[in-house]
Amino acid sequence: MKTKFYALALTFVFISCSDLNPIEESLITKPDEHWVYYNSNSSHFTHFKFSKDKLSHRYERNSKGKFQEYLGEKDVVEVPLKWSVTKDSIFSWGNFKYDVVSFTDDCIVLNYLIKTKPFVGYIFLVKQKDNETTVGPGTIEQKRINHSEKNNL
């Protein structure tokens with residue numbers, strides 16, 4: 001009886017001691033995957049890896065198609081950004097804050113306020129394996145628009 005009690009108590013301690021909420025757990029990438037960052041106002045994409053130490057690292061493909069950390073260009077140095085997600089789904093990333101609109105283990109939709117109409121911008125983070133081909137930025141937006149029944153909104 002005591003053994004069952006101790007096993008149950010230890011299980012409870014391990015579960016309750018987790019410092020990460022479900023969104024943060026989804027953000028953390030495995031060594032062979034990354035997040036593709038799509039902004040609704042840009043025509044390009046960027047790759048990021050989020051680590052357990054709550055730093056994000058920007059990546060790019062080199063001339064051989066392999067992923068490598070992007071360190072900046074010329075005199076502009078790219079540094080890892082701190083990130084966190086609050087219990088009320090506010091994603092802090094570097095000096096910016098975003099609302100998490102929806103999330104799964106493979107896709108996170110963020111929104112942020114802008115000064116011009118429509119007054120809201122969107123960021124799509126889509127998880128991919130490092131060896132997968134990245135599709136164009138409009139593909140994810142159009143997929144969510146054309147298949148709204150699949151959204152977690």
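Heads up: numbering here begins at 1 and tracks the sequence. Only a predicted model underlies this, so the values are computations on that prediction, with no experimental measurement involved.
Under a hydrophobic clustering in which Ile, Leu, Val, Met, Phe, Trp and Tyr are joined whenever their side-chain heavy atoms come within less than 4.5 Å, directly or via other members, L71 and L81 fall into different clusters. Residues F119 and L110 fall into different hydrophobic clusters, defined by Ile, Leu, Val, Met, Phe, Trp and Tyr side chains chained together at heavy-atom separations under 4.5 Å. Tracing side-chain contacts under 4.5 Å through hydrophobic residues (I, L, V, M, F, W, Y), one never reaches V79 starting from L55; they form parts of separate clusters. Hydrophobic clustering places W35 together with I23 (ILVMFWY residues linked when any side-chain heavy atoms are closer than 4.5 Å, directly or through intermediates).
When all heavy atoms of K54 and S84 are compared, the pair lying nearest together is NZ-CB, 4.4 Å.
Note that CG of N39 is 12.5 Å distant from OH of Y122, once rounded to the nearest 0.5 Å. Within the model, atoms CD of Q68 and OG of S63 stand 8.0 Å from one another, a figure rounded to the nearest 0.5 Å.
Counted by atom type alone, D88 and T86 present one or more donor-acceptor pairs between their side chains at under 3.5 Å.
The side chain to side chain donor-acceptor pair (under 3.5 Å) test applied to K127 returns no partner, not counting sequence neighbours. Remark: K30 pairs with D32, E33 by the side chain to side chain contact (heavy atoms under 4.5 Å, CB included) rule, at least two apart or across chains. Residues forming a ring-ring contact (aromatic ring centres under 6.0 Å, His included) with H47 (at least two apart in sequence, or on another chain): H34, F45, F67. With sequence neighbours excluded, the residues that form a side chain to side chain donor-acceptor pair (under 3.5 Å) with S26 are D105.
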Less than 3.5 Å apart, which donor and acceptor atoms pair up between the side chains of residues 89-99 and the rest of the protein, not counting sequence neighbours?
residue: S92; atom: OG; partner: K97; partner atom: NZ; Å: 3.0
residue: W93; atom: NE1; partner: S56; partner atom: OG; Å: 2.7

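Within the 4.5 Å cutoff, the side chain of I28 has heavy atoms near those of the L20 side chain.
Of the possible polar contacts, one joining the N21 side chain to the V85 backbone as a donor-acceptor pair under 3.5 Å is found.
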- Report the C-alpha separation of Y37 and I123 in whole Å, then their side-chain angles, then the decisive distance to 0.1 Å, and conclude whether the side chain to side chain contact (heavy atoms under 4.5 Å, CB included) test is met. CA-CA 7 Å; Y37 172 107; I123 294 171; 3.4 Å; yes
- Could you give me the CA-CA distance, side-chain angles and deciding distance for T29 and K52, then say whether side chain to side chain contact (heavy atoms under 4.5 Å, CB included) is met? CA-CA 9 Å; T29 50; K52 287 183 182 180; over 6 Å; no
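A salt bridge (charged side-chain N to carboxylate O under 4.0 Å, His left out) check over residues 57-67, counting only residues at least two apart or in different chains, returns the pairs R58-E78.
Between Y59 and H57, the ring planes are perpendicular. Angles over 60° get that label, and only those under 30° would be called parallel.
The 12-atom threshold is not exceeded at CD of E73, counting heavy atoms of other residues, nucleotides or ligands nearer than 6.0 Å.
Of the options V120, N111, I108, a side chain to side chain contact (heavy atoms under 4.5 Å, CB included) to V101 is made by N111 and by none of the others.
Between D53 and K82 no salt bridge is recorded (no basic side-chain N to carboxylate O distance below 4.0 Å).
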